[in-house]
Amino acid sequence: MMLDLSAHELVTTTRAVRRRLDLDRPVDPALIEACVEIAVQAPTGRNRQRWSFVVVTVPDRKAALADIWRRGTRAGGTPMPEEDARRAYAKPGTMEKVFDGVDHLYRTLHRMPALVVPCVTGRTEGAAVVEQAGTWGSILPATWSFMLAARLHGLGTCWTTSHLHFEREAAELLGIDHERVMQVALTPVAHTVGTDFRPGSRVPVAEVLHWEQW
């Protein structure tokens, strides 16, 4: 049964869910398929429809993929620029909750009912910005639509990318042709514990909206 959410509620309360995921309640494969059916209605560059979604539910494969993701989280990343940090920490306590959620995900990712890896045919290494934009723009809207659809069906998701530090290894595990297909994220999929979610803390629109020029 789908949640009774207005369009406004759906797009403002679809959160990155890390802690409030039911690890013990199975997710019907038909629900995931329904979410993908919605996802592939998203816009796609030149109608090429280069998207694919790899759904992992077998315990040993989930465990192996979760281990790759965990190693990726330990690989580190570039420091957050000062402006990004200012916005991220604008509301006291927000990032502490995020880090707590990431820690929970670190400990439980292998127990999620399903792990979904959205992919796009075509790689962007060394590509011009226009080609990169077309490629990423042909999978990100679909993945967001998948997440919106999941929320509508009472499921929680969370965009993560740490496993991409070892993308080739993940490709071997999942049978993905790494030379031709690019993984773009990994999201757990599970029923949420409760369905009430609030809009996230964001900086004022006046700070990010530019009229006529930057």
When you measure from the side chain of [X] to the backbone N and O of [Y], does any donor-acceptor pair fall under 3.5 Å?
X	Y	result
Thr94	Lys91	yes
Arg50	Thr121	yes
Lys62	Val56	no
Thr57	Ala114	no
Arg123	His178	yes
His104	Asp100	no

Same apolar cluster: [X] and [Y], side chain cutoff 4.5 Å:
X	Y	answer
Val55	Leu109	no
Val98	Tyr106	no
Ile32	Trp51	yes

State, with a plain yes or no, whether a side-chain heavy atom of [X] is found less than 4.5 Å away from one of [Y].
X	Y	answer
Val54	Ile176	yes
Trp159	Thr143	yes
Met182	Glu167	yes

First locate atom [atom1] of [X], then atom [atom2] of [Y], and finally report the distance between them rounded to the nearest 0.5 Å.
X	Y	atom1	atom2	result
Leu65	Arg70	CG	CZ	10.0 Å
Arg87	Arg202	CZ	CZ	11.5 Å
Thr108	Leu21	OG1	CG	7.5 Å
Gln41	Ile38	CD	CD1	9.0 Å

Looking at [X] and [Y], what are the two nearest heavy atoms and their distance?
X	Y	result
Gln183	Cys119	CG-SG, 4.0 Å
Leu115	Pro188	CD2-CA, 3.9 Å
Thr44	Gln49	OG1-N, 3.2 Å
Phe197	Thr13	O-CG2, 3.1 Å
Leu148	Leu10	O-CD1, 3.5 Å

Ion pair Asp24/Arg111, N-O distance below 4.0 Å: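 Yes, charged N to carboxylate O under 4.0 Å.
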
Under 4.0 Å between a side-chain nitrogen and a carboxylate oxygen: does that hold for Glu9 and Arg151? no

